[in-house]
Amino acid sequence: MPQHEIFARDLTSGQPTRLIWREDKILAIEAAADAPNDTWIAASLIDLQINGFAGVDFQQDNLSLKELLHEVEKLRATGCTRFLLTLITDRWPAMLARLQHLRTLRSQHDQLRRAIVGWHIEGPFLSAEPGFCGAHDPALMLDPKPEYMAELRKICGDDPVLVTIAPERLDAIATITRAVSLGIKVSVGHTNAPRKRLVQALQAGATAFTHLGNGCPKQLDRHDNILWRVFETPGFKVSLIPDMIHVSPPLFRLAHKIIGADSIYYTTDAMSAAGAAPGRYKIGRLELEVGEDRVVRLPGSSNFAGSALSPIDGVFRAAEMLNCEWRQTWRNFSEIPARLMGFESGLRVGGSADFCVLEVAPPNQLRSLKVCAGGELR
């Protein structure tokens, strides 16, 4: 098989670099004499919370192989070559059946096996309180039980799994302990737990917090609320939606200052409207409306419900909010979420030929993006 090469500046070092690959493996990464000043090479993006994309909703029961391949292709074009397919709150047996169907579809195509690197189960173990339930149906919420985690592991086999749990629910701490023992990662979210309960969740093995600043009411008690509690509880890897909508720029900057950029990863929380035109879209049983402002709302409501953000836009919007160069925010959408899940990250000899080639004009104007996945650059 032929080998391929590209000359560009390395995202991390800024130095001219020659990257050589054959099929789906990187053969060499070496210093080059020169490379264009505006062309960069970086590890591809990874999103740990994708509910759907490009008109495809993962919450439907009879999703087809063609639809899933379409979504993966469209998501790849935005720089994201790996993601956790996310299922949201429904009846627990229905969620398990949907998961089984999706795993069967994934097994039928190499491209799907490379892209769908695991599963994020966001619900039904969430708070049913108004605001904290978000767009999830509170009538379908359940108290988590350790046996549910065993059921989940049985269906998922050895696949990586992330589960979001509100730790204030009955048996939540015991369930977190059981999940961790089964190799399931636990994220706290859609929660109004007191700080003591957040600490207990950490001690039981929870490692992340799902989209801080969302899955909570728009108006919060200024003296004691879930934002302040997380800010004073170090230990979580916290996800943020960097679309300048779900989290305001001042709160986005404040979170980085208090939590620290090394403990923050970005997610789009994308639903089927992401990568598609404004209009009405489905996410499970809900019909949502996407306006010209690209905000996803419940029709007739100001409440947000998922996002229409693409991963590459998230990188550049984060940089705008933080008033920094895009290279500084890239790792929050690649290296840090990969590390949280225990995935391979960064560019290395012998590693997967998954990377992005960007042409960027100073300071943060993206001119072009090419994406290599499985050794195919386009």
Side-chain angles (χ1 to χ4, degrees), residues 46-51 58-59 82-107 112-127 136 140-191 193 197-211 215 233 235-239 263 265 267 269 336-345:
I46 179 169
D47 197 324
L48 303 187
Q49 194 167 356
I50 297 285
N51 311 285
F58 296 153
Q59 317 310 314
R82 295 181 291 170
F83 67 97
L84 295 188
L85 190 152
T86 302
L87 295 178
I88 68 167
T89 299
D90 204 335
R91 295 182 302 275
W92 184 238
M95 292 181 69
L96 294 180
R98 200 166 291 143
L99 179 58
Q100 183 66 67
H101 173 64
L102 289 164
R103 290 191 79 241
T104 299
L105 289 181
R106 187 186 65 166
S107 70
L112 298 181
R113 285 192 289 269
R114 287 194 301 266
I116 304 171
V117 289
W119 316 94
H120 183 169
I121 308 303
E122 189 194 10
F125 315 119
L126 312 177
S127 172
H136 297 245
L140 297 173
M141 299 302 188
L142 287 178
D143 287 326
K145 296 182 181 301
E147 52 263 39
Y148 293 153
M149 298 300 102
E151 291 174 350
L152 187 58
R153 176 49 75 200
K154 182 177 180 180
I155 286 180
C156 291
D158 295 331
D159 292 348
V161 181
L162 177 67
V163 177
T164 294
I165 294 176
E168 67 269 33
R169 295 201 71 107
L170 186 66
D171 286 338
I173 301 304
T175 301
I176 293 171
T177 300
R178 178 62 171 149
V180 172
S181 75
L182 293 169
I184 295 171
K185 302 283 186 180
V186 177
S187 184
V188 170
H190 284 273
T191 174
R197 200 68 161 173
L198 295 177
V199 172
Q200 289 173 342
L202 277 172
Q203 292 171 340
T207 53
F209 194 101
T210 298
H211 54 48
T233 309
F236 291 113
K237 288 285 189 285
V238 173
S239 70
S263 293
Y265 70 94
T267 178
D269 191 19
I336 294 176
R339 197 165 62 229
L340 171 66
M341 292 302 299
F343 298 152
E344 173 187 321
S345 65

Smallest heavy-atom separation, Leu340 atom then Ala208 atom, equals CD2-CB, 4.0 Å
Under 3.5 Å, side-chain donor or acceptor atoms of residues 165-172 against the rest of the protein: list the pairs with distances, not counting sequence neighbours.
residue	atom	partner	partner atom	Å
Glu168	OE1	Thr191	OG1	2.6
Glu168	OE2	Thr191	OG1	3.4
Glu168	OE2	Asn192	N	2.9
Arg169	NE	Leu142	O	3.0
Arg169	NE	Asp143	OD1	2.9
Arg169	NH1	Leu126	O	2.7
Arg169	NH2	Asp143	OD1	3.1

Give, for atom CD1 of Ile155 and atom CG of Leu99, the distance between the pair rounded to the nearest 0.5 Å.
-> 6.0 Å
Arg98 side chain vs Leu87 backbone, donor-acceptor pair below 3.5 Å = no
Check whether any side-chain heavy atom of Phe209 sits under 4.5 Å from a side-chain heavy atom of Thr233, and report yes or no.
-> no
Minimum-distance pair of heavy atoms, taken over all atoms of Trp119 and Cys156 = CD1-SG, 4.0 Å
Could you tell me whether the side chains of Gln200 and Arg197 share a donor-acceptor contact shorter than 3.5 Å?
-> yes
Partners meeting side-chain hydrogen bond (donor to acceptor under 3.5 Å, both in side chains) with Glu151 (sequence neighbours left out) = Trp92
Heavy-atom pair of closest approach, residues Ile121 and Met95 | CG2-CE, 3.7 Å
Write down the atom of Arg106, the atom of Gly118, and the distance for their closest heavy-atom approach.
-> NH1-N, 4.3 Å
Main-chain N/O of Leu84 paired to Thr86 side chain as donor or acceptor, under 3.5 Å = yes
Using 30° and 60° as the class limits, which term best fits the ring planes of Phe58 and Phe83: parallel, tilted or perpendicular?
-> parallel
Contacts satisfying ring-ring contact (aromatic ring centres under 6.0 Å, His included) that involve residues 155-181 (not counting sequence neighbours) are none
Note, Asp269 side chain near Gln49 side chain (heavy atom, < 4.5 Å) | yes
Please tell me if the side chains of Val186 and Met149 come closer than 4.5 Å, counting only heavy atoms from C-beta onward.
-> no
Listed partners of Ser263 passing side-chain hydrogen bond (donor to acceptor under 3.5 Å, both in side chains), at least two apart | none
What is the minimum heavy-atom distance between Thr89 and Gly123, and which atoms define it?
-> OG1-CA, 3.3 Å
Partners meeting side-chain hydrogen bond (donor to acceptor under 3.5 Å, both in side chains) with Glu344 (sequence neighbours left out) | Arg348
Donor-acceptor contact below 3.5 Å, side chain Arg339 vs main chain Phe343 = no
Leu48 CG to Lys185 NZ distance, which is reported to the nearest 0.5 Å = 11.0 Å
Can you tell me how far CZ of Arg178 sits from NZ of Lys145, rounded to the nearest 0.5 angstrom?
-> 14.5 Å
One should read off an interatomic distance between Thr210 OG1 and Leu162 CG, to the nearest 0.5 angstrom, of 6.0 Å
Might you point out which heavy atoms bring Ile176 and Ala206 nearest each other, and give the distance in Å?
-> CG2-N, 3.8 Å
How would you list, by chain and number, every residue that makes a side-chain hydrogen bond (donor to acceptor under 3.5 Å, both in side chains) with Thr175, sequence neighbours excluded?
-> none
In Å and rounded to the nearest 0.5 Å, what is the CG to CD distance from Leu102 to Gln59?
-> 8.5 Å
Can any side-chain N or O of Arg82 pair as donor or acceptor with the backbone N or O of Val117 at less than 3.5 Å?
-> no
Residue among Glu122, His211, His190, His120 satisfying side chain to side chain donor-acceptor pair (under 3.5 Å) with Thr164 | His120
Can you tell me how far CG of Leu152 sits from CD1 of Ile184, rounded to the nearest 0.5 angstrom?
-> 4.5 Å
